[in-house]
Undergrad: 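Handing you a structure now.
Convention: sequence-line order gives letters A, B, ...; per-chain numbering from 1.
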Number of protein chains: 2
Amino acid sequence: MSEKDHPQAHDHRHDHSQQAAKEKFLERLKEQGFKLTGKRQMIVDILLGEDRYISAKELLERMQEVFPRLSFDTVYRNLRLLQEEGIIEESTFGDGGSKYRITCGTHDHHHHHYICTVCGKTELVEGCPMDLLGITAPRGFQIESHRFEIFGQCEDCH
Amino acid sequence: MSEKDHPQAHDHRHDHSQQAAKEKFLERLKEQGFKLTGKRQMIVDILLGEDRYISAKELLERMQEVFPRLSFDTVYRNLRLLQEEGIIEESTFGDGGSKYRITCGTHDHHHHHYICTVCGKTELVEGCPMDLLGITAPRGFQIESHRFEIFGQCEDCH
DNA sequence: ATCAATGCAAACCTTTTGCACGCGT
DNA sequence: ACGCGTGCAAAAGGTTTGCATTGAT
């Protein structure tokens, strides 16, 4: 058996592995009885095409160029579904709303991000503080999850 | 017992240093021409009395026991002022709103928190990942800030 | 007597929901 | 044809703002 082609490399933009990831995502939806509508696919396409956190508002506006009658409710319903399926992840920053990005796609290993405060672009952080710090929780504290993000301006934005 | 006590049984107030911190905070406000109203002081008292993230709604409800006509706008206006003065800090979690806690008070050194997802209680994390990890930003990325929080359930909540 | 602080109401913004119709399978 | 997906409208939260009044200094 030959294995998959491109194993790694944090290549920017849509390469074959990302395309494959999309297929996998959509396949997963199909198996659960959900339908592959144009709007649903477009959300995945937009998020898959950019390593960025994007707001529901921006998604709506960009999608309205193709689907003029699209409204917020459909965007939010799809975002929620994609999130429940583990296809996208949500995060909140200080600006009063949520933003979304595709999950790492092909390799779903645990990771953290550098996040551009101007455009929302993300890049992977090497390592995780939970592994590398000698984290010792306070007596009785049961750790469930953590959040680690580094904010700043990316090369293109400053 | 020289200090005035809260009627509640579960206060985790540390000691005189926090009282001193409060005086310092209020002094700072006074110097800038702001007034020391009972409502303003009560917000500081509540937040200072507990190492917790508290929502505007919870603050409102607790303060309404003393100020029945108090409404959200006043709470928010005061929260914003206290935040601009660096007296409190705001953070958002997945629940659609902001929560607030007192800044570390006496010692304002950089820090991170364990945060109880049930009651919002916080405890200090030893060390900071930015110091202890070999953080090397991607080419051209200018780091401005970071966020590191460990979520779970505290001793009292599980 | 000032000028900030407050209460009230209404506006605003993001997100959610009920319902009837349209569309992917 | 079935049942999910969508558009529309309206509602639900959380937060902000304009304005007249109250209150701290």
Undergrad: Rounding to a whole Å, what distance do you find between A:Gln64:CD and D:dC8:C1'?
TA: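 After rounding, the gap between these two atoms is 14 Å.
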
Undergrad: In terms of side-chain heavy atoms of B:Lys57, which of D:dT16, C:dA5, D:dG14 is nearest?
TA: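 Comparing D:dT16, C:dA5, D:dG14 against the side chain of B:Lys57, the answer is D:dG14.
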
Undergrad: Would A:Glu50 and A:Arg62 count as a salt bridge (charged side-chain N to carboxylate O under 4.0 Å, His left out) here? Give the steps.
TA: CA-CA 13 Å; A:Glu50 306 178 41; A:Arg62 287 175 59 172; 2.9 Å; yes

Undergrad: Rounded at 0.5 Å granularity, tell me how far CD1 in B:Ile88 sits from CG in B:Leu47.
TA: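 One gets 6.0 Å once the value is rounded to the nearest 0.5 Å.
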
Undergrad: Look at A:Lys39 and C:dC23 and indicate whether a side-chain polar atom (N or O) is within less than 4.0 Å of OP1 or OP2.
TA: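 A:Lys39 to C:dC23 OP1/OP2: no side-chain N or O under 4.0 Å.
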
Undergrad: Which is more 5' along DNA chain D, the nucleotide nearest B:Glu90 or the one nearest A:Leu81? Just name the residue.
TA: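 Closest to the 5' end, via its nearest nucleotide, is A:Leu81.
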
Undergrad: Return the value, rounded to whole Å, for the distance between atom CD of B:Gln41 and atom P of C:dT6.
TA: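 Atom CD in B:Gln41 sits about 11 Å away from atom P in C:dT6.
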
Undergrad: With respect to the phosphate group of C:dG24, does any side-chain polar atom (N or O) of A:Lys30 fall under 4.0 Å of OP1 or OP2?
TA: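 A:Lys30 to C:dG24 OP1/OP2: no side-chain N or O under 4.0 Å.
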
Undergrad: For D:dG23, does OP1 or OP2 lie under 4.0 Å from any side-chain N or O of B:Thr37?
TA: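 No.
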
Undergrad: Does a distance-only test, which skips hydrogens and angles, find a donor-acceptor pair under 3.5 Å between the side chain of B:Asn78 and the base of C:dA5?
TA: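 Such a pair does not exist between side chain and base.
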
Undergrad: For B:Leu36 and for B:Lys99, find the nucleotide of DNA chain D with the closest heavy atom, then tell me which residue's nucleotide is more 5'.
TA: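 Closest to the 5' end, via its nearest nucleotide, is B:Lys99.
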
Undergrad: Could you state the CE-C1' distance from B:Met63 to C:dT6, rounded to the nearest angstrom?
TA: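 Rounded to the whole Å, the gap is 11 Å.
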
Undergrad: I need the CG-P distance between B:Leu70 and D:dG23, as an integer number of Å.
TA: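 Atom-to-atom, B:Leu70 to D:dG23, this comes out as 14 Å.
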
Undergrad: When rounded to the nearest 0.5 angstrom, what is the spacing between CD in A:Glu89 and CZ in A:Arg101?
TA: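 That separation rounds to 5.5 Å.
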
Undergrad: Answer yes or no: does a side-chain N or O of A:Arg77 lie under 4.0 Å from OP1 or OP2 of D:dG5?
TA: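 A:Arg77 to D:dG5 OP1/OP2: no side-chain N or O under 4.0 Å.
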
Undergrad: Do B:Glu123 and A:Arg139 meet the salt-bridge criterion of a basic N to acidic O distance under 4.0 Å?
TA: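 A salt bridge links A:Arg139 with B:Glu123.
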
Undergrad: Name the closest nucleotide to the B:Ser71 side chain, picking from D:dC8, D:dG14, C:dG7.
TA: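 Output: C:dG7.
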
Undergrad: Classify the side chain of A:Lys35 versus the base of D:dG3 as yes if they form a donor-acceptor pair under 3.5 Å and no if they do not.
TA: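 Such a pair is found, so the answer is yes.
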
Undergrad: If I take atom CD in residue A:Gln32 and atom P in nucleotide D:dG5, what distance separates them, rounded to the nearest angstrom?
TA: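 Whole-Å distance recorded here is 11 Å.
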
Undergrad: Give the nucleotide from the list C:dA5, D:dG5, C:dT14 with an atom nearest to the side chain of B:Arg40.
TA: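 The answer is C:dA5, which lies nearest to the side chain.
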
Undergrad: Could you please name the option among D:dT25, C:dT17, C:dT6 that lies closest to any side-chain atom of B:Thr74?
TA: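 Nucleotide nearest to B:Thr74's side chain: C:dT6.
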
Undergrad: Rounding to a whole Å, what distance do you find between A:Met42:CE and D:dT6:C1'?
TA: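 Answer to the nearest Å: 16 Å.
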
Undergrad: Does D:dT6 have its OP1 or OP2 closer than 4.0 Å to a side-chain nitrogen or oxygen of A:Arg69?
TA: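 No, A:Arg69 has no side-chain N/O under 4.0 Å of OP1/OP2 on D:dT6.
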
Undergrad: Could you tell me how the ring of A:His146 sits relative to the ring of A:His112: parallel (under 30°), tilted (30 to 60°) or perpendicular (over 60°)?
TA: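 Ring orientation, 0 to 90° scale: tilted.
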
Undergrad: So, taking the atom named CZ in B:Phe148 and the one named CD1 in A:Ile150, what distance separates them when rounded to the nearest 0.5 Å?
TA: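 Rounded to the nearest 0.5 Å, the CZ-CD1 separation comes to 11.0 Å.
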
Undergrad: When all nucleic acid strands are considered with a 4.0 Å heavy-atom cut-off, which category describes A:Ser55: base, sugar-phosphate, or nothing?
TA: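 The answer is nothing, as A:Ser55 stays clear of every strand by at least 4.0 Å.
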
Undergrad: Would you mind reading off the distance between B:Phe67 atom CZ and D:dG23 atom C1', rounded to a whole angstrom?
TA: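 From B:Phe67 CZ to D:dG23 C1': 12 Å.
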
Undergrad: Find the distance A:Asp95:CG to C:dT14:P and express it as a whole number of Å.
TA: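 So the CG-P distance, A:Asp95 to C:dT14, works out to 9 Å.
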
